[in-house]
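Could you have a look at this structure, given as structure tokens, before my questions?
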Amino acid sequence: MGYRYLIFDVDGTLLDFGRAYASAQKAIAEKLNAPYTPEYISLDEKLSWKIWGEFGLDNTSDQDIQANYHCYYYSYLQRHFTCLAQALGQDKDIEELVECYLEHVALSCDFMEEDTFDIFRQLSASHNLVLATNGITRVQRPRVEKLLPYTEAVFISEEIGCIKPGKTFFKEMLVSLRCSPEDCLMVGDSLSSDIAGAVATGIPACWYNPRGKQPPQDIVPAYTIRSLRELERVLS
């Protein structure tokens, strides 16, 4: 296919956010003087998902969430660590815990696949590569630093002022890149953010689906791959 730009999501597509979260989770346990046990992990994740749901952060199609996600996300972190500290009977500086979490996520740059970096570098020889991520600038930019020599542009939701799947995010990319939707291929793991947002903006989308999940009928990507190496087939 004659795509000029390959637009990659970051977390869950190129970088392993699960490992980043685990690293930060362990650092928070140390701050709270808590042993990093399966019981601690279960407590932390149960609180995390509960509070995430209370803030509605999964509802990325909501315009209020799209526009104010980063403020809500920071409030979510404050509430999460407040509840976690209380559950463990610890009286800690919550802002210190938030900073600890963000710093450790920013330091985590593990790739999703063993050859992710090599594939990315190889693709840069034939295509303009773009990174498009929902996240906080000071966390995301250090994490993608190794990819920058092969990257045409980086779009971070905090800088744009809107998260994927908001049309503002995708239109901002198109304007900045000075291209049409059909010139691009969006590659991402999130059907609700990457794929739905791209499709709504007229950008062809490739769903990175390493676990072989079944897609809902209302979101139809142009392509589905289970490994990044399969992009060679898509692009041939």
Side-chain angles (χ1 to χ4, degrees), residues 9-34 36 40-110 131-145 154-170 172-173 188-190 192-194 196-197:
D9 168 57
V10 174
D11 287 306
T13 303
L14 296 176
L15 298 185
D16 189 335
F17 184 77
R19 292 187 185 180
Y21 185 86
S23 173
Q25 185 184 48
K26 186 174 183 179
I28 293 296
E30 292 177 0
K31 288 280 187 182
L32 293 172
N33 302 312
Y36 189 63
Y40 172 87
I41 293 171
S42 177
L43 171 64
D44 176 61
E45 293 181 354
K46 181 179 179 180
L47 288 171
S48 175
W49 284 116
K50 178 177 181 293
I51 298 164
W52 184 270
E54 290 173 356
F55 276 90
L57 293 172
D58 261 341
N59 190 15
T60 55
S61 62
D62 182 86
Q63 291 187 353
D64 179 52
I65 294 294
Q66 290 178 12
N68 298 293
Y69 176 89
H70 306 94
C71 290
Y72 292 151
Y73 178 71
Y74 193 78
S75 296
Y76 147 78
L77 289 177
Q78 291 176 314
R79 180 64 178 157
H80 175 195
F81 294 128
T82 296
C83 291
L84 182 60
Q86 289 175 346
L88 295 170
Q90 296 288 322
D91 183 16
K92 294 290 184 179
D93 185 329
I94 300 305
E95 294 304 317
E96 181 181 339
L97 295 179
V98 170
E99 287 300 309
C100 175
Y101 173 82
L102 295 176
E103 288 173 6
H104 277 79
V105 172
L107 289 171
S108 180
C109 308
D110 293 308
L131 302 178
T133 177
N134 285 346
I136 300 171
T137 299
R138 67 187 177 100
V139 172
Q140 295 301 79
R141 284 205 176 271
R143 299 182 68 226
V144 301
E145 186 173 357
V154 180
F155 297 94
I156 301 176
S157 61
E158 186 179 40
E159 297 173 357
I160 293 176
C162 177
I163 62 168
K164 298 175 290 182
K167 286 187 176 181
T168 298
F169 188 103
F170 288 90
E172 178 76 16
M173 283 198 297
D189 70 300
S190 173
S192 60
S193 295
D194 305 318

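On a predicted model such as this, the values are computed, not experimentally measured, just so you know.
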Starting at SG of C100, measure out to CD1 of I94 and round the result to the nearest 0.5 Å.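 So the gap between those two atoms works out to 12.0 Å.
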Can you tell me how far the CD1 atom of I28 sits from the NE2 atom of H80, to the nearest 0.5 Å?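 Answer rounded to 0.5 Å: 8.5 Å.
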Rounded to the nearest 0.5 Å, what separates atom CG in L102 from atom CG in L97?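 With rounding to 0.5 Å, CG (L102) is 11.0 Å from CG (L97).
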Quick one: side chain to side chain donor-acceptor pair (under 3.5 Å) partners of Y76, sequence neighbours excluded?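 With neighbours one apart ignored, the set is S48.
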What is the minimum heavy-atom distance between P142 and A106, and which atoms define it?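 Nearest pair, atom of P142 first, then A106: CB-O, 3.8 Å.
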How about D44 and Y21: does a side-chain donor come under 3.5 Å of a side-chain acceptor?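 Present: a donor and an acceptor within the cut-off.
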Kindly write out the residues that satisfy ring-ring contact (aromatic ring centres under 6.0 Å, His included) with F81, not counting sequence neighbours, or none if the list is empty.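 Expected list: Y101.
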How many angstroms lie between atom CD1 of I160 and atom CZ of F170, to the nearest 0.5 angstrom?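 Output value for this atom pair is 9.0 Å.
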Would you list the pairs meeting salt bridge (charged side-chain N to carboxylate O under 4.0 Å, His left out) in which at least one residue belongs to residues 80-96, sequence neighbours left out?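 Sorted pair list: K31-E96.
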Side chains of Q66 and T168: does their closest heavy-atom pair fall under 4.5 Å?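 Side-chain contact under 4.5 Å: no.
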Nearest non-hydrogen partners of M173 and A132, listed with the distance: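 Minimum heavy-atom contact is SD-CB, 3.7 Å.
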Considering all heavy atoms of both residues, which atom of L32 and which atom of A85 are nearest to each other, and what is their separation?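 The answer is CD2-CB, 3.9 Å.
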Would you please name every residue forming a salt bridge (charged side-chain N to carboxylate O under 4.0 Å, His left out) with E45, sequence neighbours left out?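 Partners of E45 under the salt bridge (charged side-chain N to carboxylate O under 4.0 Å, His left out) test: none.
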Between Q140 and D11, does a side chain to side chain contact (heavy atoms under 4.5 Å, CB included) hold up when you go through it step by step? CA-CA 9 Å; Q140 295 301 79; D11 287 306; 3.1 Å; yes
Apply side-chain contact (heavy atoms from CB on, under 4.5 Å) to H70 and list each qualifying residue two or more places apart in sequence or on a separate chain.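 Here the qualifying residues are S157, E158, I163.
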All salt bridge (charged side-chain N to carboxylate O under 4.0 Å, His left out) counterparts of K167, not counting sequence neighbours: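 Result, salt bridge (charged side-chain N to carboxylate O under 4.0 Å, His left out) vs K167: none returned.
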The criterion is salt bridge (charged side-chain N to carboxylate O under 4.0 Å, His left out); which residues satisfy it with D189, sequence neighbours excluded?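 Scan of D189 (salt bridge (charged side-chain N to carboxylate O under 4.0 Å, His left out), adjacent residues dropped) gives none.
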Any chance you could lay out the side chain to side chain contact (heavy atoms under 4.5 Å, CB included) test for Y36 and Q25, step after step, and finish with the verdict? CA-CA 9 Å; Y36 189 63; Q25 185 184 48; 2.8 Å; yes
Supply the atom-to-atom distance I136 CD1 to I156 CD1, rounded to the nearest 0.5 angstrom.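 So the CD1 of I136 and the CD1 of I156 are separated by 10.5 Å.
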Can you list the residues that meet the side chain to side chain donor-acceptor pair (under 3.5 Å) rule with N59, with sequence neighbours excluded?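 Once residues adjacent in sequence are excluded, the partners of N59 under the side chain to side chain donor-acceptor pair (under 3.5 Å) criterion are S61.
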What are the two closest non-hydrogen atoms of T13 and G188, and how far apart are they?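 Shortest heavy-atom separation between T13 and G188 comes out as OG1-CA, 3.4 Å.
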Show the atom names and distances, to 0.1 Å, of all donor-acceptor pairs under 3.5 Å that link a side chain in residues 49-57 to residues at least two apart or in another chain.
from : atom 1 : to  : atom 2 : distance (Å)
K50  : NZ     : E54 : OE2    : 2.6
W52  : NE1    : D58 : OD1    : 3.1

About how many Å separate OG1 of T133 and CZ of F169, when rounded to the nearest 0.5 Å?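 It is 7.0 Å, given to the nearest 0.5 Å.
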Keeping the roles fixed (side chain from S75, backbone from C71), state whether a donor-acceptor pair exists under 3.5 Å.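 Checking the backbone N and O of C71 against the side chain of S75, a donor-acceptor pair under 3.5 Å is found.
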Non-neighbouring partners of D9 that pass salt bridge (charged side-chain N to carboxylate O under 4.0 Å, His left out), sequence neighbours left out: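 D9: salt bridge (charged side-chain N to carboxylate O under 4.0 Å, His left out) contacts with K164.
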For S193 and N134, run side chain to side chain contact (heavy atoms under 4.5 Å, CB included): C-alpha distance rounded to whole Å, both residues' side-chain angles, the deciding distance at 0.1 Å, then the answer. CA-CA 9 Å; S193 295; N134 285 346; 4.2 Å; yes
Among all residues two or more places apart in sequence or in another chain, which pass the side chain to side chain donor-acceptor pair (under 3.5 Å) test with R79?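 Residues passing side chain to side chain donor-acceptor pair (under 3.5 Å) with R79: none at all.
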For Q86, enumerate each residue passing the side-chain contact (heavy atoms from CB on, under 4.5 Å) test, keeping only those at least two apart in sequence or located in another chain.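 Result, side-chain contact (heavy atoms from CB on, under 4.5 Å) vs Q86: T82.
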State, to 0.1 Å, how close V105 and A24 come at their nearest heavy-atom pair, and which atoms those are.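 Looks like CG2-CB, 3.8 Å.
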